[in-house]
Amino acid sequence: MKVEFGNMGILEHGKDNKPLSLKVLQFLLLFLGLGIALSILSMCVLRFAELKNVLPVVQSRINPCFQQQNSLENWIRPLSNLHHSMNDAELFWRASFVSQMKNLPFKRTPKIAFLFLTRGSLPLAPLWERFFKGNEELYSIYIHNLPSYKPDFPTSSVFYGRQIPSQVAEWGKISITDAERRLLANALLDISNEWFIILSESCIPLHNFSVIYRYISESKYSFVNVFDDPRSVGRGRYNWKMSPVVKITQWSKGSQWFEVNRKLAVDIVTDEVYYPKFKQFCKPPCYVDEHYFPTMLHIQSPHLLTNTSLTWVDWHRGGAHPATFGKADVTDKFLKQLSEGQRACVYNNQTTSYCLLFARKFSPSALDPLLKLSYKYLGF
């Protein structure tokens, strides 16, 4: 009986302790769960507090960026980096923005934009460096070359970083006209650019910067070579399918090396009337660069043109291209005649012998004698 009692007692004691152990375990698990939940809640509160403190700092850093983008300075400050991702349609649209107010809310110093249309390097760059020196507030530079060409100008050069996003341009085809319009459009993005000159890598200035700036800035007209050529290389290139948009009596010829003011530059990049006709119907032996700009500008704004070019070239040797001058050609006599012995022309409705500001074509070998004689004959 005792043993059985003892066994029963033992059995009865185990029954009594099992529920108690389970309750303790459940309590411990509940306590542990509450502890974990409180820990997570505390971490969230701390992180929220830190984020709340950081947000004003982040906002203070972001706000100036938005303020800078929307400030007047952002609109009038020249682009330090000419690279962008705009295609031609987007670029021309952006370049077409024109202020309708004569009185500007800021000081504007009008500049000349020198637009270099090249295949690759600028072999005469040292001469141009000398020409530009000391006039940094009065000019800007833009270069259109083959996309495959990688310029190697030193950081100290005025040409460093002045290449615009370019495309392949072929002589005599619409792509060469596209390149010139692209140069004009990129230059129009700088609101300070008032005059625009198309130049090649073989061009040189015939006078110092002050003379050229004064001559262009004081002119009432733009210098675009326009004339009627009745020969086969003139009117003979006209396509009757261009009528009535472009009539044969309006068909003109001229040089692609021209100077235009800001108003005419905008007219060129926004043209959607004449450009499509030339693109479709002016193909070799019709050379679009010799006809599009003179014809389009003479139709739209004949009263703003001198019908003459500022760039001297020599066609006396014959052929499809003008003469090229090398080292042996650049002498005292040659430069003196080039800078002084100019033909008569009309400047601001008055006759003058001061007509040409630039000359081409000069080969890379001409650089050394040009540097040697530039101060004596070119004034810089």
Side-chain angles (χ1 to χ4, degrees), residues 71-84 91-92 94-118 122 125 127-144 153 156-165 180-200 203-224 257-270 304 306 309-311 347-348 357-358 379-380:
S71 68
L72 177 64
E73 181 67 18
N74 181 258
W75 282 88
I76 65 177
R77 184 180 62 250
L79 296 174
S80 57
N81 187 349
L82 299 184
H83 292 282
H84 56 73
L91 172 64
F92 294 170
R94 176 63 183 85
S96 68
F97 291 2
V98 178
S99 172
Q100 301 298 320
M101 298 179 63
K102 293 183 178 180
N103 297 322
L104 301 177
F106 58 90
K107 182 180 179 182
R108 177 179 182 263
T109 301
K111 298 188 298 185
I112 297 177
F114 291 82
L115 315 178
F116 289 89
L117 179 61
T118 77
L122 289 173
L127 182 71
W128 283 99
E129 297 266 7
R130 185 182 291 183
F131 167 79
F132 286 122
K133 188 176 181 179
N135 299 283
E136 288 73 19
E137 300 299 319
L138 298 176
Y139 71 86
S140 55
I141 296 171
Y142 302 82
I143 305 172
H144 186 295
F153 296 110
S156 59
S157 172
V158 297
F159 297 105
Y160 179 78
R162 303 311 298 174
Q163 287 71 31
I164 66 169
E180 295 185 64
R181 297 178 82 206
R182 201 172 294 122
L183 277 166
L184 289 168
N186 277 275
L188 281 167
L189 298 182
D190 183 349
I191 198 170
S192 295
N193 289 329
E194 182 62 30
W195 305 282
F196 307 78
I197 303 172
I198 302 287
L199 301 162
S200 76
C203 285
I204 67 167
L206 293 179
H207 306 280
N208 63 43
F209 186 91
S210 297
V211 170
I212 289 179
Y213 184 87
R214 186 169 63 252
Y215 192 94
I216 291 175
S217 63
E218 294 180 1
S219 175
K220 300 176 183 177
Y221 308 98
S222 288
F223 297 88
V224 181
W257 316 108
F258 57 80
E259 178 274 331
V260 290
N261 61 22
R262 192 172 183 89
K263 189 266 182 193
L264 295 181
V266 171
D267 289 346
I268 290 173
V269 301
T270 58
L304 298 179
T306 64
S309 174
L310 292 174
T311 303
Y347 178 79
N348 287 342
L357 303 185
F358 307 96
F380 62 92

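In this chain, numbering begins with 1 at the start of the sequence shown. No experiment lies behind these values; they were computed from the predicted model shown.
- Without hydrogens or angle criteria, Glu129 side chain to Leu127 main chain gives no donor-acceptor distance under 3.5 Å.
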Inset, instruction - Check step by step if ring pair (Phe, Tyr, Trp, His ring centres under 6.0 Å) holds for Phe159 and Phe116. - result: CA-CA 10 Å; Phe159 297 105; Phe116 289 89; 5.7 Å; yes

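- For Asn81, the CG atom sits in a packed shell: over 12 heavy atoms of surrounding residues, nucleotides or ligands are nearer than 6.0 Å.
- Side-chain N or O atoms of Ser157 include none that pairs as donor or acceptor with a backbone N or O of Phe153 at under 3.5 Å.
- In this structure, the separation between CG on Leu188 and CD1 on Ile268 is 9.0 Å, given to the nearest 0.5 Å.
- In this structure, the side chains of Leu91 and His84 come closer than 4.5 Å at one or more pairs of heavy atoms.
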Inset, instruction - Report the C-alpha separation of Tyr139 and Phe132 in whole Å, then their side-chain angles, then the decisive distance to 0.1 Å, and conclude whether the ring pair (Phe, Tyr, Trp, His ring centres under 6.0 Å) test is met. - result: CA-CA 8 Å; Tyr139 71 86; Phe132 286 122; 4.4 Å; yes

Legend entry - Audit row: Ile143, Leu82, side-chain contact (heavy atoms from CB on, under 4.5 Å) steps and yes/no: CA-CA 10 Å; Ile143 305 172; Leu82 299 184; over 6 Å; no

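- Distance CZ/Arg262 to OG/Ser192: 8.5 Å, rounded to 0.5 Å.
- Every side chain to side chain donor-acceptor pair (under 3.5 Å) that Ser200 has, sequence neighbours left out, goes to Ser202, Arg360.
- Summarising the geometry, atom CD1 belonging to Ile197 is positioned 7.0 Å from atom CD1 belonging to Ile212; distances are rounded to the nearest 0.5 Å.
- Around the CD atom of Glu136, the shell of radius 6.0 Å holds more than 12 heavy atoms that belong to other residues, nucleotides or ligands.
- A heavy-atom distance below 4.5 Å is not found between the side chains of Val224 and Glu259.
- Open room surrounds NZ on Lys133; 12 or fewer heavy atoms of other groups in view lie less than 6.0 Å from it.
- No donor-acceptor pair closer than 3.5 Å links the side chain of Thr311 to the backbone N or O of Phe358.
- The closest donor-acceptor contact from the side chain of Asp267 to the backbone of Ala265 lies at 3.5 Å or more, if one exists at all.
- Defined by atom type and a distance below 3.5 Å, a donor-acceptor pair is missing between the side-chain atoms of Asp190 and Ser140.
- Residue pairs meeting the salt bridge (charged side-chain N to carboxylate O under 4.0 Å, His left out) criterion with at least one member in residues 207-224, sequence neighbours excluded, do not occur.
- The structure places CZ of Phe97 at 11.5 Å from CD1 of Ile191, a figure rounded to the nearest 0.5 Å.
- When Ile164, Ile141, Leu184 are each tested for a side chain to side chain contact (heavy atoms under 4.5 Å, CB included) with Leu115, only one passes: Leu184.
- Trp128 places a side-chain N or O within 3.5 Å of a backbone atom of Cys203 that can act as its donor or acceptor partner.
- The OH atom of Tyr213 sits 5.0 Å away from atom CG of Leu138, with the distance rounded to the nearest 0.5 Å.
- Between Tyr142 and Asn193, the side chains place a donor N or O and an acceptor N or O closer than 3.5 Å (distance only, hydrogens not considered).
- Heavy atoms only, all atoms of each residue included: Ala113 and Ala187 are closest at CB-CB, 4.0 Å.
- By the side-chain contact (heavy atoms from CB on, under 4.5 Å) test, Ser219 is found to be paired with Tyr221, Phe223, Tyr347, Asn348, residues two or more places apart in sequence or in another chain being considered.
- Residues Trp195 and Leu264 form no side-chain contact, since every pair of their non-hydrogen atoms from C-beta on lies 4.5 Å or further apart.
- Two residues are said to be in side-chain contact when any heavy atoms from C-beta on lie closer than 4.5 Å; Thr270 and Phe92 fail this criterion.
- Nearest heavy-atom pair, Met101 versus Leu104, reported as atom, atom and distance to 0.1 Å: O-CD2, 3.7 Å.
- Leu122 and Thr118 get closest at one heavy-atom pair: CD2-CG2, 3.5 Å.
- Across every non-hydrogen atom of Val260 and Ser222, the tightest pair is CA-OG, 3.4 Å.
- Between Leu310 and Phe258, every side-chain heavy-atom pair lies at or beyond the 4.5 Å cut-off.
- Side-chain contact of Asn186 with His144: a donor-acceptor pair under 3.5 Å is absent, judged by distance alone.
- Between the CG atom of Asn261 and the CZ atom of Phe196 there is a distance of 8.5 Å, given to the nearest 0.5 Å.
- Contact record, Glu180 with Leu117: CG-CD2, 3.8 Å, taken as the closest heavy-atom pair.
- A salt bridge links Glu194 and Arg108; the closest N-O separation between the charged side-chain nitrogens and carboxylate oxygens is under 4.0 Å.
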